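Taking it in order: structure first as structure tokens, then the write-up.
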Amino acid sequence: MTAPFAPPALPGYEHLYSGKVRDLYAPLDEAGAQRTDRLLLVASDRISAYDHVLDPPIPDKGAVLTQLSLWWFDQLADLAPHHVVSTDVPEAVAGRAVLVERLDMLPVECVARGYLTGGGLAEYRAKGEVSGVPLPAGLVDGSRLEEPVFTPSTKAPMGEHDEPISYDGVVAEIGPALAEQVRDLTVRILLRGNEIAAERGILLADTKVEFGLRGLDLAKGEDAGEAIRSRGASCEVVLADEVLTPDSSRFWPAEEWEPGRPQPSFDKQFVRDWLTSPESGWSKDSGVAPPSLPAEVVQATRARYVEAYERLTGTPFA
Ligand SMILES: N#Cc1c(N)ncnc1-c1cnn(Cc2cccc(F)c2)c1
């Protein structure tokens, strides 16, 4: 039975929203009103697979992925400014929360794919292209692409799946200048990520990043989409959300890469193998919640998150 995980109440903060594995809060000012310039992003220990939030949480997962994302923001600082303000956060979420600058977020999930798998592979098999970009014939599951392809999607409402959109769809949403800027930045972030990760035995097959604007200065009641299209090009594009984590990217162990079959996940393979084994008594097509993970799967998965962090950063996870 998957227990619903209530996000912690944080004195001085108002809970705004919870995704599958993360929670969003607004800091309150002295009068108890929401500050409009800051947000608190909290990474939980929740893990999801096959569209279910699993039980139990993975100890330290939130902290490992938060610290990894902070490290990546530093590695990528020459490519794009980021939204991180401080890691001075409430004790209850110490190490797994970040105070960030509240930005006007672009309504685009910016995905770049360096390797073909998942939804991109399905589109390629149907159309010979992905997100409007023609690809060579003969590619298979796990094929490395000559250069990363930008495959954006819309931000779906809570609980729904993002919808792939074409590059022209992005242009229509945010204008040509911003569309080109976020496409180029997304591809460069994945290339830089793989330059660093490949040396450490990890392949980043794809990644999703989000950008916000600094300096849009929306007037009260002004339509954000219209403002972005009309004056977004003169704003600063800021890298937001999380970056190059196993929750925002496909992490593959480099030494096991073998095009032509589904690649093992660096972090989620133990969970997937157990959930799809007869031992779990569960079927991913059953429509029912998965059973609780055994302790050994939880611990092995925790160890993989810690290993990814320590390999990439060269620092022991405290
Ligand atoms: N990052 C960021 C950000 C920003 N810097 N400014 C304004 N809005 C956002 C923002 C809004 N939603 N999300 C997604 C999200 C993240 C974390 C937890 C969640 F539940 C949901 C990001």
Side-chain angles (χ1 to χ4, degrees), residues 4-10 13-28 34-48 51 53 57 61-74 76-77 80-90 92-111 152-162 173-174 178 182 185-186 189 207-218 222-225 227-228 232 235-249:
F5 301 107
L10 298 176
Y13 294 82
E14 181 174 329
H15 175 251
L16 298 180
Y17 165 82
S18 282
K20 282 200 179 80
V21 297
R22 293 184 301 162
D23 309 307
L24 195 64
Y25 297 77
L28 304 178
Q34 281 188 29
R35 285 184 59 175
T36 56
D37 61 341
R38 294 287 184 267
L39 287 170
L40 185 75
L41 270 58
V42 178
S44 77
D45 289 345
R46 300 189 297 267
I47 184 171
S48 81
D51 255 354
V53 176
K61 173 177 178 279
V64 172
L65 267 58
T66 297
Q67 298 310 312
L68 180 58
S69 188
L70 288 168
W71 181 82
W72 279 119
F73 277 124
D74 283 348
L76 300 166
H82 60 71
H83 67 161
V84 175
V85 169
S86 164
T87 55
D88 179 12
V89 299
V93 292
R96 63 183 183 93
V98 183
L99 189 70
V100 301
E101 177 186 355
R102 195 184 294 222
L103 302 165
D104 291 295
M105 298 302 285
L106 295 179
V108 182
E109 301 284 6
C110 293
V111 178
S153 54
T154 57
K155 287 188 175 179
M158 184 169 146
E160 292 178 34
H161 285 285
D162 299 333
E173 273 293 315
I174 64 174
L178 278 177
V182 299
L185 274 177
T186 306
I189 285 166
T207 196
K208 175 194 74 75
V209 294
E210 294 194 29
F211 298 100
L213 296 184
R214 184 180 285 154
L216 189 66
D217 302 330
L218 274 180
E222 185 179 13
D223 179 77
I228 290 170
C235 295
E236 191 168 17
V237 173
V238 179
L239 183 55
D241 201 32
E242 62 183 324
V243 62
L244 296 175
T245 72
D247 276 352
S248 69
S249 319

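Every number for a ligand or one of its atoms is a count from 1 in the order of the listing. If you read the sequence from its start, that first residue is 1, and numbering goes on from there. These figures come from a predicted structure and were not determined experimentally.
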Please tell me whether Asp51 and His161 have a donor and an acceptor in their side chains that are separated by less than 3.5 angstrom.
yes
Would Asp162 and Thr154 count as having a side-chain donor-acceptor pair, cut-off 3.5 Å?
no
Result for side-chain contact (heavy atoms from CB on, under 4.5 Å) between Ser44 and one of Val93, Val53, Val21, Leu65 points to Val21
Check ligand 1 for N or O atoms under 3.5 Å from a protein N or O and list each pair with its distance.
unit_1, atom_1, unit_2, atom_2, d
ligand 1, 1 (N), Asp241, N, 2.9
ligand 1, 5 (N), His83, ND1, 3.0
ligand 1, 5 (N), Glu101, O, 2.9
ligand 1, 6 (N), Leu103, N, 2.8

N-O pairing of Glu109 and Lys155 below 4.0 Å
no
Aromatic rings His83 and Phe73: how do their planes relate, parallel, tilted or perpendicular, breaks at 30° and 60°?
tilted
Could I get the full list of side-chain contact (heavy atoms from CB on, under 4.5 Å) partners for Pro107, not counting sequence neighbours?
Glu173, Ile174, Ile228
